[in-house]
Enquirer: 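Sharing a structure below in structure tokens format, with a few things to ask.
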Amino acid sequence: MSITRSGAAAPAKSRRRLQPWEWAPYVFISPFFILFLCFGLFPLLFSVWLSFHTWDAATGLGGMHWVGIENYTFVLGDEWFQKSLYNTFWLALASGLPQHLVAIPLAFFAHTYLAKWRNTVVGIYFLPFITSSVAIALVFNSLFSRDFGVVNLALTTIGNFDVAGVHPFAWLFPTTNIDWGQPQYTKSMIAFLVFWRYVGWNTVLYLSALQTIPHDLYEAATIDGASRRQQFWYITLPLLKPMMFFAVTLTIIGNLQLFEEPFIITGGTGGLDQAGKTAAMHMYNTAFVDSDFGTASAVAWILFVLIAVLTTVNNKLFAHKD
Amino acid sequence: MAIVQKRVSPSRWFAYFVVVAGSVIMLAPFWFMFVFATHTNTEILSVPPPLWFGSAFLDNVALLLQKLPYFWHNLGWSFYIAIAVTALNLFFCSLAGYAFAMYHFRFKERLFAVIMATVMLPAFVGMIPTALVMSWLGWMNQPKALIVPSACSAFGIFMMRQYITTAIPRELAEAARIDGCSEFGIYWRIVLPLISPALGTLGLVTFIGTWNNFAGPLIVIRDMEMFTVPLALRALQGTGMVPWGAISAGSAIAVLPLLVLFVISSRRLIAGLTSGAIKG
């Protein structure tokens, strides 16, 4: 008895025809490609095309006018775009850098000293990452409220802390309530929210990398008389570098696209003096408030190029040190 | 033998203190969200604000429903969309992952590389044209505008391929094939039951991601009746008196399903989210 499939008994001349089980894998992977062509690649290509046109969506496709790179020159010269770009970089740095400066020692501490409580502690720091940014940004708005906000209450309590008529913390902490809606404070508040949301995610990334470092290395170092601090600097940090590269890349990509947190904190307006308006918010407003899709597409691609350049620079920096 | 020193150094105590203080800061917003959800506006606006639960939760929900008459619909839509996206992802991603793990076929490596490369494309670049595509298709204000485009993710395919490659011996599929099982039958009857741990993890990650999605619904949903929960909550912001109690109650309701999922499955969830990071 030979093992044949029902279709395999077909005449010999059709043997080059694909058997059903030969095209099966193509069928099985096709949903991704169909969806990507329709809702991924086509929109991207259309967006490139759009960025070289002026267009009022109400006039239909016939109303598109080719303007070359005019949208790009306009956007690059637009002071609102420049301001939003400045805000984006400010926020990316002010929320991104502390994330890593806290996450690395925290992951090291959790890995080295916390045994039973490690998962609980890491879980607590991770919790903000999985929660709805809208819900949490709204809650932050109430916590950072000027007159009744818990944050002001905590800060001024420390600021007004009284030791025999002297206020030892008054130089660092405010003694009166801060109006977080004022332009000079808006960005700090957003940066704190972003830091709060993502520090646990980075901690988890670093923790997972720490767990792959062989324990023998530390044992050998201990025998050689290296202190914990030396072990951290000369074993942990160098071996953490690949993960640092990955985590920093994710932070760059994520922070330069910052949208939801500033959008909710400022009620979609960008706040007083547009102090909290990011480039992604600028793109959203240009497209969906001003209905200027051509210019908005140019904003999107300028932002994309910036992200690509920074990611490449980051790549080079990390590769160079090896 | 040297005497083992059990004394914990002061610097270590300081580190413990910092970590615990940090935990308090991480949890505080959640605490106040749930506490404020049970207080009236007047109580929230008093100084100092309430630190413990009150009794006004139902009043806040009533106020919430007054401001957002469709809130329960919105909650239902959120569940419907998140569950639909999760189910489709589990099916399509595991099917594709199965194909990449179990078959040899032409262009396999290249096609997989293309899928991985799409992860690099930032979503916001396609935001504007996606909105246009949806309006051309007549899908504005419809859940399918949110469900169909996210029905199969590159991350999911990657994760499923990894898992199926390591968890299922190819001989198993070949044996089933010799016994006359169809190609889809092998996937459906043999592979799928064996990968339930990975399906659970991908399901969690997908559900949470979809539930929290804000930018997607923001550009394709216009009618309040069709809002998802994040959009509905955002609509509470406006001029005039801010209903902090109602906002907190709504936020608490929106976050609660995620907290429950997290408490049940935090380790699996974290492992799932970072699986791309560690292997990739």
Side-chain angles (χ1 to χ4, degrees), chain A residues 3 20-21 24-26 28-29 31-32 35-36 39-40 42-44 46-47 50 57 106 109 113 119 121 123-128 130-136 138-140 142-143 148 150 153 196 200 204-205 208 246 253 257 259-260 264 267 280 283 287-288 293 296-297 300-301 304 307, chain B residues 12 15 19 22-23 26-27 29-30 32-33 36 44-49 92 95-96 98-100 103 105 111 115 118 121-122 124-126 128-130 132-133 149 151-152 157 178 183 208 211-212 214-215 219 230 233-234 237 244 247-248 251 254-255 258 262 266-267 269-270 274 277-278:
Chain A
I3 300 159
W21 48 273
Y26 297 105
F28 293 168
I29 64 172
F32 177 87
L35 289 173
F36 177 67
F39 301 106
F42 171 73
L44 282 182
F46 188 72
S47 153
L50 201 52
L106 180 63
F109 183 80
Y113 298 112
N119 287 329
V121 169
I124 289 171
Y125 279 82
F126 190 75
L127 203 51
I130 60 145
T131 47
S132 157
S133 52
V134 175
I136 225 65
L138 290 172
V139 172
F140 264 68
S142 74
L143 298 182
F148 71 93
V150 177
L153 189 68
W196 180 84
V204 165
L205 285 182
S208 65
F246 179 80
I253 294 174
Q257 302 182 53
F259 177 75
E260 298 179 16
I264 302 297
M283 181 198 84
F288 297 104
F293 290 97
S297 297
W301 284 105
F304 171 74
I307 291 174
Chain B
R12 182 108 64 93
V19 168
S23 304
M26 299 315 276
L27 289 179
F30 294 104
F32 284 110
M33 175 169 76
F36 286 179
I44 295 169
L45 294 173
S46 62
V47 179
F92 287 135
L95 193 60
Y98 159 69
F100 279 115
Y103 289 93
F105 51 95
L111 288 170
I115 292 180
T118 61
L121 293 169
F124 73 91
V125 178
I128 295 159
T130 301
L132 296 172
V133 169
C152 185
I157 294 177
I178 291 166
E183 299 305 311
I208 290 177
W211 183 267
N212 286 338
F214 174 66
I219 56 166
L233 288 180
R234 190 234 157 184
Q237 282 188 319
W244 293 115
I247 286 183
S248 303
S251 301
V255 167
L258 305 178
F262 187 70
S266 61
R267 293 188 74 173
L269 177 70
I270 291 175
T274 52
I278 297 157

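A quick note: this is a predicted structure, and the numbers were derived from the prediction, not measured. Note that these values count all heavy atoms, side chains included, but never hydrogens, waters or copies made by symmetry.
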Enquirer: Considering only heavy atoms, which portion of L50(A) lies under 4.5 Å from any heavy atom of chain B: side chain, backbone, both, or neither?
Expert: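 Side chain only.
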
Enquirer: For S133(A), is there any backbone N or O sitting under 3.5 Å from a side-chain donor or acceptor partner on N212(B)?
Expert: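 No; zero donor-acceptor contacts below 3.5 Å.
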
Enquirer: For the pair I307(A) and F124(B), evaluate side chain to side chain contact (heavy atoms under 4.5 Å, CB included) and give the outcome as yes or no after the intermediate values.
Expert: CA-CA 12 Å; I307(A) 291 174; F124(B) 73 91; 3.9 Å; yes

Enquirer: Do L121(B) and F36(A) have side chains that approach each other closer than 4.5 Å (heavy atoms only, starting at C-beta)?
Expert: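 Contact flag for L121(B)/F36(A) side chains = yes.
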
Enquirer: Report the residue from F105(B), Y98(B), F92(B) that forms a side-chain contact (heavy atoms from CB on, under 4.5 Å) with F28(A).
Expert: Y98(B)

Enquirer: Non-hydrogen atoms of chain B under 4.5 Å away: do they reach the side chain of L106(A), the backbone, both or neither?
Expert: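 The answer is the side chain of L106(A).
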
Enquirer: Under a 4.5 Å cut-off applied to non-hydrogen side-chain atoms, are M26(B) and L127(A) in contact?
Expert: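 Of all side-chain heavy-atom pairs linking L127(A) with M26(B), none is under 4.5 Å.
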
Enquirer: What are the two closest non-hydrogen atoms of A24(A) and Y103(B), and how far apart are they?
Expert: CB-OH, 4.1 Å

Enquirer: Can you say whether Y113(A) sits under 4.5 Å from chain B via the side chain, the backbone, both, or neither, judging by heavy atoms?
Expert: both

Enquirer: Output the option from I115(B), I247(B), L258(B), L233(B) having the highest count of non-hydrogen pairs under 4.5 Å with chain A.
Expert: I115(B)

Enquirer: Are the side chain of W301(A) and the backbone N or O of V125(B) linked by a donor-acceptor pair below 3.5 Å?
Expert: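 Absent.
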
Enquirer: Test V133(B) against F46(A) for side chain to side chain contact (heavy atoms under 4.5 Å, CB included), laying out the working first.
Expert: CA-CA 10 Å; V133(B) 169; F46(A) 188 72; over 6 Å; no

Enquirer: If I measure from the heavy atoms of chain B, does F32(A) come under 4.5 Å with its side chain, its backbone, both, or neither?
Expert: both

Enquirer: Can you name the side chain to side chain donor-acceptor pair (under 3.5 Å) partners of T130(B), sequence neighbours left out?
Expert: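 Side chain to side chain donor-acceptor pair (under 3.5 Å) check on T130(B) returns nothing, list empty.
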
Enquirer: Using a cut-off of under 4.5 Å on heavy-atom pairs, state which of S23(B), A254(B), S248(B) scores highest against chain A.
Expert: S23(B)

Enquirer: Measure distances from I253(A) to the heavy atoms of chain B and classify the residue's part below 4.5 Å as side chain, backbone, both or neither.
Expert: neither

Enquirer: Quick check: do L143(A) and P29(B) have side-chain heavy atoms less than 4.5 Å from each other?
Expert: yes

Enquirer: Let's test your reading of the structure: which of I208(B), L45(B), V255(B) forms the most heavy-atom pairs below 4.5 Å with chain A?
Expert: L45(B)

Enquirer: What residue, out of L269(B), I219(B), I157(B), has the most heavy-atom pairs lying under 4.5 Å from chain A?
Expert: I219(B)

Enquirer: How would you list, by chain and number, every residue that makes a side chain to side chain donor-acceptor pair (under 3.5 Å) with S142(A), sequence neighbours excluded?
Expert: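 S142(A) satisfies side chain to side chain donor-acceptor pair (under 3.5 Å) with no other residue.
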
Enquirer: Which heavy-atom pair separates A15(B) from F109(A) by the least distance, and what is that distance?
Expert: CB-CE1, 3.3 Å

Enquirer: Where on Y125(A) is there a heavy atom nearer than 4.5 Å to chain B: the side chain, the backbone, both, or neither?
Expert: both

Enquirer: Checking F288(A) against chain B: side chain, backbone, both or neither under 4.5 Å from a heavy atom?
Expert: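 Just its side chain gets close to chain B.
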
Enquirer: Heavy-atom cut-off 4.5 Å, strictly under: side chain, backbone, both or neither for I136(A) against chain B?
Expert: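 When you check distances to chain B, only side chain atoms of I136(A) fall under 4.5 Å.
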
Enquirer: If you count heavy-atom pairs under 4.5 Å with chain A, which of S251(B), P49(B), A99(B) comes out on top?
Expert: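 Top count of heavy-atom pairs under 4.5 Å with chain A: S251(B).
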
Enquirer: Identify the heavy atoms of Q237(B) and I264(A) that sit nearest to each other, and give their distance.
Expert: NE2-O, 2.7 Å

Enquirer: Working to the nearest 0.5 angstrom, can you tell me the gap between I128(B) CD1 and L44(A) CG?
Expert: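 Interatomic distance, I128(B) CD1 to L44(A) CG, rounded to 0.5 Å: 11.5 Å.
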
Enquirer: Side chain, backbone, both or neither: which part of A280(A) has a heavy atom under 4.5 Å from chain B?
Expert: neither

Enquirer: Taking all heavy atoms of P129(B) and all of P43(A), pick out the closest pair and write down the distance.
Expert: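 Smallest heavy-atom distance, with atoms named: CG-O, 2.9 Å.
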
